[in-house]
Peer 1: 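Handing you a structure now.
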Amino acid sequence: MAKMWAGRTSGETDILADSFNSSIGFDQRLFRQDITGSIAHAAMLAKQGIITCDEANSIINALNGILQDIESGALAIDQKAEDIHMFVEQILTQRIGETGKKLHTARSRNDQVALDLRLYLRDYSDDLTTLLKDLIGALIGKAESNLDVIMPGYTHLQHAQPVLFSHHILAYAMMLERDVQRIADCRRRINVSPIGCCALAGTTFDTDRLFEARKLGFDSVCLNSLDGVSDRDFCVELLSALSLIMTHLSRLSEELILWSSQEFSFIELSDDFTTGSSIMPQKKNPDMAELCRGKTGRVYGDLMALLTTLKGLPLAYNKDMQEDKESVFDACDTVKICLQVFAPMIRSMKVNAGNMAESAKKGFMNATDLADYLVLKGMAFRDAYKVSGTIVAYCIQSGHILEDLSIDDYKKFSPLIDKDVYQAIDLGNCVQKRSSEGGTSIESVKKQIAHLREVL
Ligand code: ARG
């Protein structure tokens, strides 16, 4: 079929070149944004007297009809079309004839595609924020229903100090809270209108860019037309925020996978969010968490692909930029599905408080508290550290834990130690005493929950 841009050339391209050039396979999802943008454009053209009101009405009615027909399935998007912009314009002209051809006055596909993408990502950012908040809510719920459950806190994956499970899981809620902020910040720069930049240099027509931008809900317009059509910073920013979300989900996934192993048995994921094995009848695999961890690499890849596509491009639009959409949409879809799966997986997960508490007894996690105890009795911390370490070494050698060492044994290491040492090293007390701002005490955890609730 001859192209709408036939003129200088015949508009006949090789079949292979045609399909190579076409982006309809992946930009058809922009049909709503494309039509919404065109409706605002027609209204602006009429307001400025560039087309008549009758012409604008006829264009707008037809565009609404096209939207309805695509949504209802009455109009199938032609997979042989060059892209969604050409498809919509073609159908418009088929339906209303000559008037349809006036829509593309004072715009170009270059500002049009930038507009569509910004409109799409603006909505996406809002959806994503809802999903992030839902997951934060799920984490808060788990923290609240397991508020005083003690688990081992780790550094180097070695038992370090006892912490509350609620404290641990809220660390992820904090990461996601920052993600919400990042998306909001990114959205501000998405919400700037490129329409009216035209092909690259603006237009000779007396357009009203601000009117069109306001109609579409934008905060402002891009002030340099070359920048307006070639800027994909907002995509890079979003993909980098999405990559960080995936980093957070991946780290949490890793913990869920570890915790549901036989060795830990800290949690049990519900049957709905695990799978079995085709050969081993006893298996219950944390596939959803593994997939989230695995898909993280894909989203990073999308970000790298986009950055690499952009790095060598001279101003203004280059066809390379058509490659932005597959990376952007893939990252958007991937993060969305991961968040959708994650929230119910967290909500339905069972916490094995007993196993966590049992594990917390091992590894001398109260050794720091023993040292702190000696400090309170007047010893310098460095000396107290050494005494506590020596006692731990003695316990390992003699098969004791700090809790069951006799007071006579303790006295051999320091005369400062008294019966109140047992209270000082009780794991429950170790946690409760960490009441510093942001510490692992119940009071601190409650404060964190209150803060997060406010964000929601
Ligand atoms: N399908 C194109 C894209 O996604 C639309 C813009 C085409 N512009 C052009 N000058 N050929 O980038």
Side-chain angles (χ1 to χ4, degrees), residues 1-38 40-41 66 70 77-93 101 103-122 124 190 193-203 216 222 224-236 238-239 302 305-333:
M1 200 209 302
K3 300 295 183 303
M4 265 193 254
W5 38 258
R8 171 186 173 155
T9 63
S10 65
E12 300 282 352
T13 38
D14 178 85
I15 294 179
L16 189 60
D18 249 1
S19 90
F20 184 64
N21 189 47
S22 167
S23 54
I24 193 81
F26 48 86
D27 66 20
Q28 58 186 325
R29 71 163 79 189
L30 296 173
F31 74 88
R32 278 190 201 86
Q33 290 74 16
D34 198 72
I35 293 173
T36 306
S38 289
H41 190 65
I66 294 171
I70 296 177
I77 295 175
D78 178 4
Q79 297 304 306
K80 288 207 273 308
E82 189 174 329
D83 56 31
I84 189 64
H85 327 293
M86 289 303 208
F87 172 73
V88 171
E89 199 185 323
Q90 212 155 24
I91 299 296
L92 176 72
T93 307
K101 295 186 192 165
L103 172 64
H104 210 53
T105 315
R107 75 169 184 186
S108 147
R109 267 188 300 164
N110 298 348
D111 54 348
Q112 195 179 349
V113 69
L115 171 75
D116 293 3
L117 205 48
R118 282 174 185 269
L119 287 173
Y120 182 88
L121 294 181
R122 190 175 71 187
Y124 177 80
I190 290 175
S193 172
I195 196 71
C197 291
C198 302
L200 75 163
T203 178
L216 293 167
C222 317
N224 179 304
S225 61
L226 292 167
D227 180 46
V229 289
S230 58
D231 172 21
R232 293 294 182 273
D233 292 3
F234 61 99
C235 300
V236 174
L238 182 67
L239 261 54
D302 290 325
L306 180 63
L307 281 168
T308 312
T309 298
L310 295 174
K311 75 180 265 292
L313 297 186
L315 295 179
Y317 178 86
N318 299 271
K319 193 61 174 248
D320 314 46
M321 290 166 76
Q322 181 165 285
E323 290 290 311
D324 60 2
K325 279 170 281 304
E326 280 171 293
S327 301
V328 167
F329 295 153
D330 182 64
C332 286
D333 294 348

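For ligands, and for the atoms within them, numbers begin at 1 and follow the listed sequence.
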Peer 1: Tell me every residue that passes salt bridge (Lys or Arg N to Asp or Glu O under 4.0 Å) with R118, counting only those two or more places apart in sequence or in another chain.
Peer 2: D231
Peer 1: Under a 4.0 Å threshold between the charged nitrogen and the carboxylate oxygen, would R109 count as salt-bridged to E82?
Peer 2: yes
Peer 1: What I'd like to find out is whether the side chain of L115 reaches to under 4.5 Å of the side chain of L216, using heavy atoms alone.
Peer 2: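 Counting from C-beta outward, L115 and L216 do come under 4.5 Å.
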Peer 1: Within the 3.5 Å criterion, strictly below it, is a donor on Y120 or R29 matched to an acceptor on the partner's side chain?
Peer 2: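 A donor-acceptor contact under 3.5 Å links the two side chains.
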Peer 1: Where is the tightest heavy-atom contact between C198 and T203, given as atom of each residue plus distance?
Peer 2: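 Smallest heavy-atom distance, with atoms named: SG-CB, 3.7 Å.
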Peer 1: Side chains of T13 and D18: do they bring a donor and an acceptor to under 3.5 Å?
Peer 2: yes
Peer 1: In order of chain and number, which residues sit within 4.0 Å of ligand 1 by heavy atom?
Peer 2: S23, D27, D83, H85, R109, N110, V113, Y317, Q322, K325
